[in-house]
Amino acid sequence: MTVRLFNTLTGVKEEFVPLRDDRVTMYVCGPTVYDHPHIGNWRCFVVFDTVRKYLKYRGFDVIYVQNFTDVDDKVIRKAHETGQSPKDVAKKYIAEYLREATILDIERADVHPRATLHIDDMIELVQRLLAGGHAYESAGSLYFDTTSFPEYGKLSKQKIEDLQAGARVEPDENKRHPLDFVIWKGHKPGEPAWESPWGPGRPGWHLECSAMAMKYLGATLDIHAGGSDLIFPHHENEIAQSESATGQKFARYWMHNAFLNIGGERMGKSLGNFYTLGELLEKYPPDAIRFFLLSAHYRKPLEFSEKALNAAARGMSRLKAVAGRLQRMRLAVPVDAPSRGGRDTQGVRGARRTEGDGGKGADRGEEEWLQRIASSRRDFEAYMDDDFNTADAFAVLFDLAREINARFPDSPSDALLDAAIAFYKDAGYVLGVLREFRGIPAPFSPGIGTKVQDGEVGRHADMTKIVGGLISLIVGIRDQARKSKDYQTADRIRERLTDMEIVLEDTPEGTRWRFKGQ
RNA sequence: GGCGACGUAGCCAAGUGGCAAGGCGGGGGUCUGCAAAACCCUUAUUCGGCGGUUCAAAUCCGCCCGUCGCCUCCA
């Protein structure tokens, strides 16, 4: 099987074949660093992080580039509003982006180029366009001449005439054609400017992606991705510029994600109907948020609601629980009395008893279980191969989880446990969930109620330890009460802890506690 | 006006020709000192509406209704 993906350029699902054997070059349009991204923005970053990871899982060496737009109208406006320099604004929000991306288990790009550090590359690109007759100077600015690129409109499937018809483009006297776009803006007072052969100014928005993508990934990239709002004009313009300059195809596969909706409408900064990651993290664990963002196919709109987030959190909780069980089985040392094989399978016997003999409960042998794990992995791959169907991929994890909870062997072989654990770890890596299970420490524990703040990380780690110790102490006291049949006291303690979102579970192996949702 | 999506159970959502995934929620059980967790059973004879093609359609075609996005900064 091979990976198939929907290519916006051709409008169909295609087999994915990278230009160079096992190497994939991928460019994803990154954030404009003037504020925190909202959760709708994060959908894009999470989706393409997942694409990247799956391609890596598939054995491709992925070179992933994601830019930071650190000079544009919004950055400049923010700077004026806050009395900072545009540079400081960008610096702050780049740091914020990277911190929040880590929380969502988004891997660092191989290169995170910043527009302001690539002015020379952009000037060079403008010069090539000028030399090729694709650009012209007008009133101190430089424009791309869209009529010089016959294929203009091929990505958005628009005809130049149609675009003109409805466009509410404010007439720019300096443009020869309404669709022409600025590639170099002449200097205006109060704006940052760089020297250029055409005098001081700053780069146009579309130019940076072309220049930086080609600088790090070559004239032709395998995958170029972004939100579907970027199809036109941003990506259309990138194609026009890049292909006019190089004469080569700019990107072979274009991928675009659909929006996150709220109340049926697109979540957006300007509409004010957005949630930031920080807000959601106060109520939901990061992998629940990530699961939610991947619970619909990336090309379909996804409806945001707290209800949906809650559902995702509960679901993730189940997945984490089964992963935890597998891990405890793997780590368990056989100190228990041999007569009691059941390690963490409480309820299993009862379930079997009530099941009667419907056949469903028939025990599988070791070999059959290994095959079952293998078939889950195959299903997972088949769904991901099909244009990254994360919704179905998650369904595979849930199906297997139920079976494991219901009737996994009491004494599985190491090989079987390893196979099950490896599958959940691999799938968890690709989908960006089950972080603790994968051995990656959580950036923070939401249940403790401490917000992640710069400089507080160390202190918070101590708090985690202290709180954990205190809970264990209280749980120990409660267990004493239970042993002496003082259930009134035991229940009171449990109720109080439950009120604090600390869940107690009495099992044959003793009492376990966890934060709600964990 | 041009281009492009979407409408599947209470909610989120997969499925694009062969008897409707998965998650959450609801109902009923098992287990438990009681819980929690887990498991079992159950919860859409039906996929916006009406026609058509087909042995067979949520899936293809046509029309209609409704919602949304892009065409302007926007993930």
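- Classification of the A:Trp42-A:Phe45 ring pair by plane angle, with boundaries at 30° and 60°, yields perpendicular.
- Distance check on atom P: B:C65 versus B:U53 gives 23 Å, rounded to whole Å.
- For a distance-only test at 3.5 Å, the side chain of A:Arg494 qualifies as a donor-acceptor partner of the base of B:A35.
- The side chain of A:Leu302 sits closest to B:A13 out of B:A75, B:G23, B:A13.
- With C1' as the reference atom, B:G26 and B:A44 are 15 Å apart, rounded to whole Å.
- Spacing between B:G15 and B:A9 at atom C1', rounded to whole Å, works out to 15 Å.
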Using a cut-off of under 3.5 Å, enumerate the N/O to N/O pairs linking the protein to nucleotides 17-21 of chain B.
unit_1 : atom_1 : unit_2   : atom_2 : d
B:A21  : N3     : A:Asp392 : OD1    : 3.1

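- Remark: P of B:C71 and NE2 of A:His256 are 13 Å apart, rounded to the nearest angstrom.
- Residue A:Arg318 places at least one side-chain N or O closer than 4.0 Å to OP1 or OP2 of B:G23.
- Comparing the P positions of B:G48 and B:A20 gives an interatomic distance of 15 Å, to the nearest angstrom.
- The backbone N or O of A:Tyr34 lies less than 3.5 Å from no partner atom in the side chain of A:Lys74, so there is not a single donor-acceptor pair.
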Self-check item: Evaluation steps, salt bridge (Lys or Arg N to Asp or Glu O under 4.0 Å), between A:Arg482 and A:Asp479
Solution: CA-CA 5 Å; A:Arg482 289 182 69 222; A:Asp479 277 339; 3.8 Å; yes
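- Among the atoms of the strands shown, none is found under 4.0 Å from any heavy atom of A:Lys269.
- Side-chain atoms of A:Arg482 come within donor-acceptor range of the base of B:G33, with a qualifying N/O pair under 3.5 Å.
- Residue A:Asn405 places no side-chain N or O under 4.0 Å from the OP1 or OP2 atom of B:A38.
- Whole-Å rounding puts the A:Arg325 CZ to B:A36 C1' distance at 11 Å.
- Side chain A:Asp506 to base B:C34: a donor-acceptor pair is found below 3.5 Å.
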Between protein and nucleotides 64-70 of chain B, what N or O pairs are separated by less than 3.5 Å?
unit_1 : atom_1 : unit_2   : atom_2 : d
B:C70  : OP1    : A:Arg266 : NH1    : 2.6

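- Look at CZ on A:Arg314: it is 16 Å from C1' on B:G22, rounded to the nearest Å.
- With centroids closer than 5.5 Å and planes inclined by less than 30 degrees as the test, A:Tyr487 and the base of B:G33 pass as a stacked pair.
- Comparing the same atom, P, in B:G62 and in B:C6 gives a spacing of 15 Å after rounding to whole Å.
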Quiz item: Can you give one letter per nucleotide of nucleotides 5-11 of chain B, going 5' to 3': B for a protein heavy atom under 4.0 Å from the base, S for sugar-phosphate only, - for none?
Solution: -S----S
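- Using a cutoff of 4.0 Å between basic side-chain nitrogens and carboxylate oxygens, A:Lys53 and A:Asp105 are scored as salt-bridged.
- Rounded to whole Å, the separation between the P atoms of B:U32 and B:U45 comes to 37 Å.
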